[in-house]
Amino acid sequence: MKNTDIKRLLYTHLLCIFSIILSIFIPSFFLDNFSVLETHLTWLCICSVFVTAVNLVLYLVVKPNTSTKRSSSHKVTRFLKCCIYFLMSCFLFHVIFVLYGAPLIELVLETFLFAVILSTFTTVPCLCLLGPNVKAWLRVFSRNGVTSIWENSLQITTISSFVGTWLGAFPIPLDWERPWQVWPISCTLGATFGYVAGLVISPLWIYWNRKQLTYKTN
């Protein structure tokens, strides 16, 4: 494992964090009274677009190149499959949130956009790095299944996003009467902080354990 690979990973993650920061500040120049809390649904849409765009550009440029050349028709089919996988992920998360107590009829848009932002933090990086390949996803998230530092970081950022979402649900039933306790603000903020934490932790963890990490060729 080369230190240059870890540096590339770190710079990629810093740009992903920067995309979230941009989604917070740039819209305020164009939208009146914009804020993460008061116009939360708008911010969720903007953040999802920013993070997805940066992930697409970065992984197309930075991720390890494969020697196999693909035809244009194959690339179009792959892209359409990725879009379908993303939508399926959004609907799946939406159903899971409802099963865990989210309103079934009320706040449907809020719940769905929460599912969109969580899919952006988890499914989009998987699609960018692994493509619409369920076997590759299962391999990466199984024990000792990773084959590169990119897949290692994918594990960490995905898990930290889920953990952040779970922790973000704890303040909702408390009677603090804070604006960020309204569904699903605390959960989306928890997912965002978890995603950012994973982006910071994963390159540091990989660098710290670089001598112990070994990767099998796929």
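As the structure is a prediction and not an experimental result, all values here were calculated from the model.
- Nearest approach of Ile117 to Leu44, heavy atoms of both residues: CD1-O, 3.8 Å.
- Nearest heavy-atom pair, Leu10 versus Pro203, reported as atom, atom and distance to 0.1 Å: CD1-CG, 3.9 Å.
- Side chain of Trp205 to main chain of Ser153: no donor-acceptor pair is present (N/O by atom type, distance under 3.5 Å, no hydrogens or angles).
- Remark: Trp166 engages Phe170 in a side-chain contact (heavy atoms from CB on, under 4.5 Å) (not counting sequence neighbours).
- Note on Val49: it does not cluster hydrophobically with Phe18, by side-chain heavy-atom contacts below 4.5 Å among ILVMFWY residues.
- Counting only heavy atoms from C-beta outward, the side chains of Ile172 and Cys187 approach each other to under 4.5 Å.
- Looking at heavy atoms from C-beta onward, Thr158 lies out of side-chain contact with Thr123 at the 4.5 angstrom threshold.
- No donor-acceptor pair under 3.5 Å is formed between the side chain of Thr39 and the backbone N or O of Phe34.
- Looking at Thr147 and Arg139, their side chains come closer than 4.5 Å, going by heavy atoms from C-beta outward.
- At a threshold of 4.5 Å between non-hydrogen side-chain atoms, the residues Val36 and Leu189 count as touching.
- Contact check for Leu15 versus Leu58: side-chain heavy atoms found under the 4.5 Å cut-off.
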- Item | Steps toward side chain to side chain contact (heavy atoms under 4.5 Å, CB included) verdict (Thr122, Leu118) | CA-CA 6 Å; Thr122 58; Leu118 186 58; 4.2 Å; yes
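- No continuous path of hydrophobic side-chain contacts links Leu92 to Val98 [ILVMFWY only; heavy atoms under 4.5 Å].
- Nearest heavy atom pair, residue Thr188 against residue His40, reads OG1-NE2, 2.6 Å.
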- Trace of the side chain to side chain contact (heavy atoms under 4.5 Å, CB included) decision for Val182 with Leu37: CA-CA 10 Å; Val182 177; Leu37 295 182; over 6 Å; no
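- The shortest heavy-atom contact between Ile156 and Gly198 is CG2-O, 4.1 Å.
- One hydrophobic cluster, built from ILVMFWY side chains closer than 4.5 Å, holds both Leu129 and Val134.
- The hydrophobic side chain of Leu56 is isolated, with no ILVMFWY side chain under 4.5 Å apart from it.
- Residues Thr120 and Tyr195 are not in side-chain contact: their nearest non-hydrogen atoms beyond the backbone lie 4.5 Å or more apart.
- The shortest non-hydrogen separation linking His13 to Leu199 is ND1-O, 2.9 Å.
- Rounded to the nearest 0.5 angstrom, Ser35 OG and Ile24 CD1 are separated by 11.0 Å.
- Each of Ile201, Ile149, Asp5 was checked for a side chain to side chain contact (heavy atoms under 4.5 Å, CB included) with Ile206, and the lone residue meeting it is Ile149.
- Phe121 places none of its side-chain heavy atoms less than 4.5 Å from the side chain of Phe162.
- Under the 4.5 Å side-chain heavy-atom criterion for ILVMFWY residues, no single connected hydrophobic cluster contains both Val95 and Leu109.
- The CZ atom of Arg178 sits 13.5 Å away from the OG atom of Ser186 when rounded to the nearest 0.5 Å.
- Side chain of Glu151 to backbone of Val140: no donor-acceptor contact under 3.5 angstrom is found.
- Once rounded to the nearest 0.5 Å, the distance linking OG1 of Thr77 with NZ of Lys81 reads 7.0 Å.
- Side chains of Thr12 and Trp150: no donor on one and acceptor on the other come within 3.5 Å.
- Between Val124 and Ser119, every side-chain heavy-atom pair lies at or beyond the 4.5 Å cut-off.
- Hydrophobic clustering (side-chain heavy atoms under 4.5 Å, transitive across Ile, Leu, Val, Met, Phe, Trp, Tyr) keeps Phe93 apart from Ile159.
- With sequence neighbours left out, Ser23 forms a side-chain contact (heavy atoms from CB on, under 4.5 Å) with Ile20, Trp43, Ile46, Cys47, Phe50.
- Here the shortest heavy-atom pairing between Ser48 and Val116 reads OG-CG1, 3.6 Å.
- The ring of Phe112 has its center closer than 6.0 angstrom to the ring center of Phe91.
- Side-chain N or O atoms of Gln181 include one that pairs as donor or acceptor with a backbone N or O of Leu174 at under 3.5 Å.
- Between Thr42 atom OG1 and Asn33 atom CG the span is 11.5 Å, to the nearest 0.5 Å.
- Around CZ of Phe193, the count of heavy atoms belonging to other residues, nucleotides or ligands within 6.0 Å does not exceed 12.
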